[in-house]
Asks: 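Below is one structure. I have some questions about it.
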Amino acid sequence: MPAKVRDIEREMKELRAEIRRHEELYYVHDNPEISDEEYDRLLARLQQLEEENPELIAPDSPTQRVGGRPAESFPEYIHRRPMLSLDNSYNIEDLRAFDERCRKLADGRPFEYVAELKIDGLSISLHYEQGLLTRGVTRGDGRRGEEVTQNARTIRSVPLRLNPAFDQWREVEVRGEVFLSRSVFEKINAEREEEGTPRFANPRNAAAGTIRQLDPKIVAARRLDMFAYDVLGGDRKPFATHWQSLEWLERAGFRVNTNRALCASIDEVIEFCNQMEMKRDELGYEIDGVVVKVNSTALQDEFGATTKAPRWAIAYKYPARQATTRVESIVVQVGRTGALTPVANLQPVLLAGTTVARATLHNEDEIKRLGVRLGDWVLIEKSGEIIPKVIKVIESRRTGEEKAFRFPKKCPVCGGIVSRPEGEVVARCIAADCPAQLKARLLHFASRRAMRIEGLGYALVEQLVEKKMVRDVGDLYTLRLEEVAALERMAEKSASNLLGQIEDSKQREFPQLIYALGIRHVGDRTAGIIARHFRSLDRLSEASVEELDEIPEIGLTVAESVRDWFDDPGNLALCERLRAAGVKTEIETGGAEGYDEEFAGKQFVLTGRLETMTRDEARALIEARGGRVTSSVSKKTDYVLAGEEAGSKLEKAQSLGLKIIDEAAFKEMIG
Ligand code: IVH
């Protein structure tokens with residue numbers, strides 16, 4: 001072989017290893033060392049060399065993920081060892097009964113459990129021979145699946161070659177769950193909407209549809225991902241414990257979910273289940289529960305399996321988040337900025353542990369997009385947000401009796417003019433005296449992140465507005481005891497409690513007041529930024545659009561909205577009355593810059609339960625001092641405030657060696 005060819009061969013080999021290392025850092029460990037451009041440059045160089053020297057293309061080259069022509073169909077493949085299903089449990093008693101059964105089978109021998117997330121995707125089996133990925137097979141019916149090798153190769157977290165040091169057997173089978181992250185799922189659906197193809201109902205359906213796609217190019221574009229959860233050598237388990245299997249998988253180059261726990265007792269398992277349920281919305285992907293497995297593989301073999309599921313494992317299922325039900329009617333609500341929001345009244349269904357009778361339809365365009373009619377059967381979903389949303393209409397259940405819905409041309413509450421400026425999706429009632437808007441403004445003003453007046457709920461606001469006792473939020477501070485006590489379902493004591501709370505609300509920090517004013521586009525974080533920048537209502541009310549726009553993190557939309565709000569003489573008068581009432585209209589704390597050195601520009605993560613304040617309050621305190629609160633722990637985090645029962649965030653903080661403070665230390669910091 002000429003020296004030049006040898007050099008090229010060496011360069012290609014080095015490039016492959018280098019690119020794979022960066023893929024692993026990026027896709028498996030979420031911890032890239034180079035920029036996307038640098039990665040693309042490496043890949044382009046390899047592609048160029050491969051084009052010039054096609055005989056030197058290796059099967060595990062990172063360029064070979066997206067290859068080949070569309071398949072005609074997928075060949076059937078009989079699993080060497082069936083891919084079993086899991087028994088389900090839906091409550092703690094079921095878990096304890098599982099523990100009882102296991103302990104009986106173990107007959108006095110001590111053992112541990114591994115608890116890991118149940119990823120809501122579809123399972124896949126990957127075969128490696130001499131370290132090379134040779135076959136990818138879907139679960140199918142558990143006995144026979146379909147060979148989707150080309151598609152499996154497109155998954156960036158699936159190594160095409162096992163890390164050599166850990167390629168210890170001739171044949172290895174790795175099993176795991178293929179899934180789509182929520183963000184990719186949203187992107188795919190947005191694209192489908194543009195094209196006019198029906199949306200996928202959830203990430204699992206989208207992933208299942210994708211892995212069985214005949215054209216690998218489409219599969220590659222869809223960015224599937226995989227968490228590995230099992231390894232078989234030949235047809236048996238090569239390690240003494242499941243935990244060791246997971247560790248091997250990580251070293252071999254797979255993505256293994258880090259949310260897992262080695263548990264000495266079922267109580268620890270239950271704790272893990274509860275912790276993860278709270279964390280469910282923060283994960284970037286869907287889970288439907290926790291899988292609990294006996295750790296010792298010897299015991300696993302001994303316990304065996306039924307035809308359907310192993311006796312050494314169980315799935316603890318969280319309440320489902322999607323359900324189908326009927327739309328009984330659609331009403332249009334009016335919010336504090338006059339926004340008209342259509343809401344579907346539903347036949348009540350049980351969903352994620354609560355009975356759901358309403359779902360938001362967002363706006364007129366959304367109703368058109370969904371094509372929803374009165375009487376339709378719909379799929380609804382409840383995830384992070386409190387109000388469930390309608391995902392799609394189940395057209396196959398239409399009877400022809402369904403009726404189209406007409407969006408109102410006038411405010412359904414006050415009959416005022418509705419305006420929908422061009423290019424905007426939201427229609428608004430523009431009447432200044434619309435009682436629905438006032439009620440919503442009062443509720444917002446009293447809400448937790450704003451002035452936190454807990455006793456001021458919907459029923460009371462309704463009466464205060466209907467009886468014209470309150471015409472704007474400023475009137476709250478001039479309410480008299482006798483008039484409040486005279487309201488329905490109120491008495492001297494409850495009225496005096498309410499007035500006490502209203503009095504207390506004067507102590508809220510200035511950023512909370514700015515948020516409470518309910519200026520359009522000004523959420524609590526933005527309110528904090530603006531408040532800290534101007535430090536007083538006077539200065540803020542005089543700020544120009546340019547001045548506002550110059551603040552980092554504040555855009556033109558917010559700047560204009562703030563200026564518009566203060567240009568309204570009614571709003572200025574309101575500010576005067578709030579000041580006269582004794583509400584805090586400036587920042588008093590801190591040093592020269594108005595905020596504490598210790599907090600300014602610092603990133604905080606809050607985790608666990610606090611004893612003397614809510615997390616929202618802690619957050620307000622941090623933000624009022626110039627700090628920021630983020631939801632996930634990273635190297636950039638400055639402080640982790642850990643309360644009771646702090647979970648994996650605390651563990652991560654410890655492993656990163658971050659500064660961890662408890663509630664007492666935090667209170668000391670805020671003085
Ligand atoms: S273990 C015999 N672990 O759940 C062991 N399965 O309901 C069965 N799944 O078909 C698999 N995450 O598709 C296991 N961490 C995990 C899992 C998991 C999701 C899926 C898998 C399986 C189904 C059973």
Side-chain angles (χ1 to χ4, degrees), residues 79-90 94-95 98 102 113-126 136-146 148 152 155 157-158 173-181 202-208 210-212 224-232 235-237 239 241-243 245-250 254-263 269 272-273 276-277 279-280 283-297 299-318 320:
H79 295 292
R80 208 167 305 165
R81 206 156 116 153
M83 293 184 78
L84 296 180
S85 163
L86 288 168
D87 285 332
N88 288 329
S89 61
Y90 297 93
D94 291 350
L95 272 185
F98 164 74
C102 287
Y113 293 112
V114 176
E116 58 196 61
L117 297 184
K118 188 168 184 323
I119 312 297
D120 200 5
L122 50 130
S123 42
I124 195 164
S125 147
L126 303 171
V137 191
T138 62
R139 174 172 181 273
D141 63 5
R143 226 170 61 75
R144 54 184 80 207
E146 288 176 312
V148 291
I155 305 173
S157 44
V158 167
E173 180 183 347
V174 170
R175 292 180 175 181
E177 196 79 351
V178 170
F179 67 98
L180 275 170
S181 71
N202 52 49
R204 182 166 46 83
N205 288 4
T210 303
I211 199 78
R212 301 194 62 252
L224 290 168
D225 207 336
M226 185 188 96
F227 281 121
Y229 57 64
D230 210 0
V231 50
L232 307 168
D235 68 347
R236 45 172 304 117
K237 301 228 174 175
F239 296 103
T241 66
H242 179 58
W243 194 261
S245 302
L246 297 177
E247 287 178 334
W248 179 86
L249 285 165
E250 270 174 349
F254 290 91
R255 185 167 183 205
V256 179
N257 202 297
T258 49
N259 292 300
R260 58 180 194 250
L262 188 58
C263 303
V269 169
F272 179 82
C273 293
M276 288 300 137
E277 190 164 3
K279 230 180 127 168
R280 191 176 179 186
L283 303 168
Y285 44 85
E286 297 281 340
I287 58 169
D288 57 346
V290 168
V291 183
V292 187
K293 300 170 182 173
V294 168
N295 192 25
S296 149
T297 44
L299 281 185
Q300 288 183 1
D301 283 344
E302 224 181 277
F303 289 12
T306 65
T307 49
K308 190 195 143 231
R311 290 196 193 84
W312 46 264
I314 196 163
Y316 174 74
K317 299 271 284 222
Y318 292 142

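In listed order, ligands and their atoms are each counted from 1.
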Asks: If you count the atoms of ligand 1 from 1 in the order shown, which ones are under 4.0 Å from a heavy atom of Leu117?
Replies: 12 (N), 15 (N), 16 (C)

Asks: Please confirm whether Leu122 comes within less than 3.5 Å of ligand 1 when only nitrogen or oxygen atoms on both sides are compared.
Replies: no

Asks: So, for Thr241 and Thr297, which heavy atoms are closest and what is the spacing to 0.1 Å?
Replies: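 What the structure gives for the nearest pair is N-OG1, 3.9 Å.
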
Asks: Measure Leu86 to ligand 1 on non-hydrogen atoms and call it side chain, backbone, both or neither using the 4.0 Å cut-off.
Replies: both

Asks: Using heavy atoms and a threshold below 4.0 Å, how should the contact between Pro310 and ligand 1 be classified: side chain, backbone, both, or neither?
Replies: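 The answer is the side chain.
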
Asks: Search all heavy atoms of Phe254 against all heavy atoms of Met226 and return the closest pair with its distance.
Replies: CD2-CE, 3.8 Å

Asks: Looking only at non-hydrogen atoms, find the nearest pair between Arg260 and Glu116 and report the distance.
Replies: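 So the two residues come closest at CB-CB, 4.2 Å.
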
Asks: Would Trp312 count as being in polar contact with ligand 1, using the rule that some N or O on each side must be under 3.5 angstrom apart?
Replies: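 There is no such contact.
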
Asks: So, Phe227 versus Tyr285, ring centres under 6.0 angstrom or not?
Replies: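 Yes, ring centres under 6.0 Å apart.
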
Asks: So, for Pro310 and Asp87, which heavy atoms are closest and what is the spacing to 0.1 Å?
Replies: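 That would be O-OD2, 4.5 Å.
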
Asks: Which protein heavy atom lies closest to atom 3 (N) of ligand 1, and at what distance to 0.1 Å?
Replies: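 I find the closest protein heavy atom is Lys293 NZ, 3.0 Å.
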
Asks: What residue and heavy atom of the protein are closest to atom 20 (C) of ligand 1, and at what distance?
Replies: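 Atom 20 (C) of ligand 1 sits closest to the protein heavy atom Glu177 OE1, 3.4 Å.
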
Asks: Give the residue, atom name and distance (to 0.1 Å) of the protein heavy atom nearest atom 10 (O) of ligand 1.
Replies: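 Nearest neighbour among protein heavy atoms for atom 10 (O) of ligand 1, to 0.1 Å: Ser123 OG, 3.5 Å.
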
Asks: Provide, to 0.1 Å, the distance between atom 7 (O) of ligand 1 and the closest protein heavy atom, together with that atom's residue and name.
Replies: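 Going atom by atom, the protein heavy atom closest to atom 7 (O) of ligand 1 ends up being Lys118 NZ, 3.2 Å.
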
Asks: If you measure from CD on Gln300 to SG on Cys102, what distance do you get to the nearest 0.5 Å?
Replies: 10.0 Å

Asks: Give me the residue, atom name and distance of the protein heavy atom closest to atom 16 (C) of ligand 1.
Replies: Tyr229 CD2, 3.4 Å

Asks: With the threshold set at under 4.0 angstrom, would you say Met83 reaches ligand 1 through any of its heavy atoms?
Replies: no

Asks: What residue and atom, counting heavy atoms only, is the protein's closest point to atom 12 (N) of ligand 1, and at what distance?
Replies: Ile119 N, 3.1 Å

Asks: With a cut-off of 4.0 Å, which atoms of ligand 1 are near a heavy atom of Glu116?
Replies: 3 (N), 15 (N), 16 (C)

Asks: Can you see which heavy atom on Ala206 is nearest to which on Leu180, and at what distance?
Replies: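 So the minimum-distance heavy-atom pair works out to CB-CD1, 3.5 Å.
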
Asks: Examine distances only and state if a side-chain atom of Glu146 and a backbone atom of Gly140 form a donor-acceptor pair shorter than 3.5 Å.
Replies: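 Between the backbone of Gly140 and the side chain of Glu146 there is no qualifying donor-acceptor contact (under 3.5 Å).
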
Asks: Test Ile287 against Asp120 for side chain to side chain contact (heavy atoms under 4.5 Å, CB included), laying out the working first.
Replies: CA-CA 5 Å; Ile287 58 169; Asp120 200 5; 5.7 Å; no

